[in-house]
There are 2 protein chains.
Amino acid sequence: MSEDTNEAPGAPNVPSGPTAGPNVTLEEIARAAGVSPSTVSRILNGSARVLPEKQRAVEEAIARFNYRPNVLARSLASGRTETIGVLTQAVSSPFYAEWLRGIEDALAEPGFTPIFVSSRWNVVDEKARLEEFIARRVDGIILLHAQLDEATLAGYSRYAPMLVLGRSVQNGMTLAGLPIDNLQGARDATRHLIEQGHREIAFIAGPSSHEDAIERLDGYRIALEEAGIGFDADLVEQGDYLETGGLAAMERLMARRPMFTAVFCANDQTAYGARLAMFRRGVRVPEDVSLVGFDDLPTSSYMTPPLTTVRQPTYEIGRLAAQGIVQMIRKQPVALSPIPLTLVTRETTRRIGASLSPGDEHR
Amino acid sequence: MSEDTNEAPGAPNVPSGPTAGPNVTLEEIARAAGVSPSTVSRILNGSARVLPEKQRAVEEAIARFNYRPNVLARSLASGRTETIGVLTQAVSSPFYAEWLRGIEDALAEPGFTPIFVSSRWNVVDEKARLEEFIARRVDGIILLHAQLDEATLAGYSRYAPMLVLGRSVQNGMTLAGLPIDNLQGARDATRHLIEQGHREIAFIAGPSSHEDAIERLDGYRIALEEAGIGFDADLVEQGDYLETGGLAAMERLMARRPMFTAVFCANDQTAYGARLAMFRRGVRVPEDVSLVGFDDLPTSSYMTPPLTTVRQPTYEIGRLAAQGIVQMIRKQPVALSPIPLTLVTRETTRRIGASLSPGDEHR
DNA sequence: TTGTAAGCGTTATCAT
DNA sequence: ATGATAACGCTTACAA
């Protein structure tokens with residue numbers, strides 16, 4: 001029983017005594033403390049009152065053997081894993097980072113553990129990752145930007161309650177969506193430019209496969225139309241939500257179309273690329289061209305000049321999602337209202353018109 | 001047995017027949033296919049030859065019932081979880097993102113699943129997360145920048161093999177370190193500035209609690225001394241590896257010390273902050289002051305101007321770590337040599353000296 | 001309050 | 001090649 005003698009350098013806290021280390025079981029603790037396994041279990045889970053003396057004996061044994069309950073066995077027996085599958089499109093994207101932080105923090109409170117995976121913007125991977133979650137018997141699933149269609153999601157939600165961020169779905173007991181009002185955000189941003197006197201406003205779009213990219217384009221278009229300016233397809237370039245795409249799109253735009261006083265980018269990463277393209281050509285921001293992004297990534301306020309952009313309360317959204325999924329697991333009703341976005345005006349936009357008045361620079 | 005009738009909207013692929021859905025077990029599959037559980041298990045794992053007809057019958061039943069093996073039960077029985085605990089200091093840090101991507105990609109090949117958690121630069125959390133890994137019976141652990149001392153790590157490594165990134169430890173069978181040569185990187189960066197004619201080179205340091213921050217400071221100091229310039233504590237400001245810290249440090253520096261022609265920052269985030277501080281004061285980069293960062297975050301090449309910095313091959317490091325831990329799990333020997341860093345010269349540094357010659361701008 | 005015993009869904013060791 | 005059967009380490013009625 002105690003053939004557990006792998007020489008590890010300076011193992012601390014681990015008694016060199018009997019069955020120390022990794023493979024101690026609840027049963028051995030029970031034996032050592034002179035109680036039954038169920039008593040140990042009860043103490044571990046606080047699921048019933050136990051005589052103080054036994055309590056102490058058990059706790060002493062746990063400490064002495066450095067015992068850690070086996071989560072697997074616990075979950076198998078109880079049917080609960082206290083685990084939430086979180087599916088991102090890319091764990092490493094700066095955009096998801098804040099969401100993850102919010103989720104992680106909010107999940108820690110009720111004692112759930114998140115499992116983060118990425119599906120790389122790929123529907124096949126997305127399915128595969130969801131099935132892994134199910135095989136792992138997660139208690140709930142949070143999807144950041146699901147690509148799968150609603151019917152498929154609903155099917156998977158039979159296995160575990162699912163919450164989809166950035167998407168509206170038919171809310172039910174096991175499937176819910178937390179939509180983000182991209183259209184409104186894009187409209188506000190465009191309006192801001194219009195109010196600043198801009199009329200030739202270019203747009204660098206995100207991938208048309210993304211629902212939110214389409215919404216942002218729509219918001220831009222609607223604001224233009226509302227202002228009586230009208231949408232001009234010639235002012236729109238295709239990006240890919242990445243810096244490289246923004247750079248290339250901006251280069252094409254400048255080569256093709258010298259007349260515009262502002263550029264609205266479908267996300268901040270695109271704006272970074274566009275900004276560099278302008279820098280390369282000696283186009284000044286905001287003196288020559290105003291620039292607006294979308295998302296408000298943490299670094300955007302450190303761009304030079306700091307980027308005007310549409311802020312998503314990402315950390316808070318993450319928290320909301322985490323709280324929501326926990327409620328769904330507990331079969332409590334969840335009310336999820338669309339997340340409003342707010343424009344944060346920083347220093348890449350400038351009033352134009354009448355004469356070249358100083359505009360916004362003084363602050 | 002088939003009280004499994006929760007109404008889910010449009011569940012696909014799930015037969016509305018007998019025991020469809022979540023709770024199908026291996027035993028039911030066996031019954032349906034007219035074989036024993038062991039046979040099903042063998043087919044699932046390919047662990048033995050089975051008659052083609054039974055094989056087909058079982059596969060058919062699996063498909064029909066949409067059966068997914070319970071990972072928990074499997075792990076409990078087999079003692080293997082095929083899971084790697086990955087401890088980061090902050091999942092959401094742009095710095096760790098690329099490491100995670102490398103780890104995730106490389107782990108997918110041998111079929112391991114990473115579990116990412118953050119310890120928030122906090123030793124207490126770090127211990128707690130490690131113990132969770134152990135309770136989850138992960139097969140191996142990768143630590144990104146462990147803060148715990150080596151003896152403690154060695155103790156935990158009794159439970160599962162551990163690989164520490166960015167740190168050198170006494171390499172053994174169950175504990176290994178993959179050091180990163182921060183000192184050399186910092187020395188190269190400083191030398192570059194010296195070669196460009198700079199002599200008054202300021203340094204914004206990282207938190208002194210971080211081993212790598214100290215190494216970077218040392219590299220700076222050594223390069224200075226090697227060049228006969230000598231270290232001047234008055235040119236060093238304290239940062240915190242974050243943008244805010246860089247901003248504040250730079251402001252203090254400018255307020256205190258007008259004489260310097262270059263600033264070397266302990267990491268890119270610090271450089272972003274410093275760059276903004278200079279922008280605010282009308283100090284031009286690189287015309288007035290040269291700027292060098294460290295890490296080469298993805299956005300650094302999109303800074304304006306693009307940031308000269310020390311590049312860590314982060315994605316590759318992540319891959320190496322993943323491959324290393326898998327080898328350790330398989331009890332194969334691992335050879336881990338320190339990762340060299342390379343300076344990438346972009347546009348925030350400029351040659352000075354003789355006269356104000358144009359220098360590097362032409363490219 | 002405490003103990004006994006029957007699962008939880010697999011894998012693995014035996015025989016056959 | 002296949003099937004019983006005993007683990008794996010815990011939870012949870014059910015009794016006492």
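A, B, ... follow the sequence lines: proteins, then strands. Residue 1 opens every chain. Every value quoted in this text rests on a predicted model; they were computed, and no experiment measured them.
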### Query
How many angstroms lie between atom CD1 of A:Ile141 and atom CE of A:Met162, to the nearest 0.5 angstrom?
6.0 Å
### Task
Report yes or no: does B:Ser78 contribute a side-chain atom to a donor-acceptor pair with the main-chain N or O of B:Arg74 at less than 3.5 Å?
yes
### Message
Test your reading of the model: is there a side-chain donor-acceptor pair from B:Ser119 to the backbone of B:Gln89, 3.5 Å cut-off?
### Response
no
### Query
Given atom CZ of B:Arg49 and atom C1' of D:dG3, what is their separation to the nearest angstrom?
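Spelled out: CZ on B:Arg49 to C1' on D:dG3 is 19 Å.
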### Message
Run A:Gln323 and A:Gln327 through side chain to side chain donor-acceptor pair (under 3.5 Å) and show every step you take.
### Response
CA-CA 6 Å; A:Gln323 287 158 0; A:Gln327 287 180 277; over 6 Å; no
### Task
Do nucleotides 9-16 of chain C as a string where each nucleotide becomes B, S or -: B if the base has a protein heavy atom under 4.0 Å, S if just the sugar-phosphate does, - if no protein is that close.
BBSB----
### Query
Do any side-chain nitrogens or oxygens of B:Lys54 fall under 4.0 Å of OP1 or OP2 in D:dT2?
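Answer is yes, contact under 4.0 Å.
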### Query
Is there a side-chain contact (heavy atoms from CB on, under 4.5 Å) between A:Thr152 and A:Leu130 once you walk through the steps?
CA-CA 11 Å; A:Thr152 308; A:Leu130 285 178; over 6 Å; no
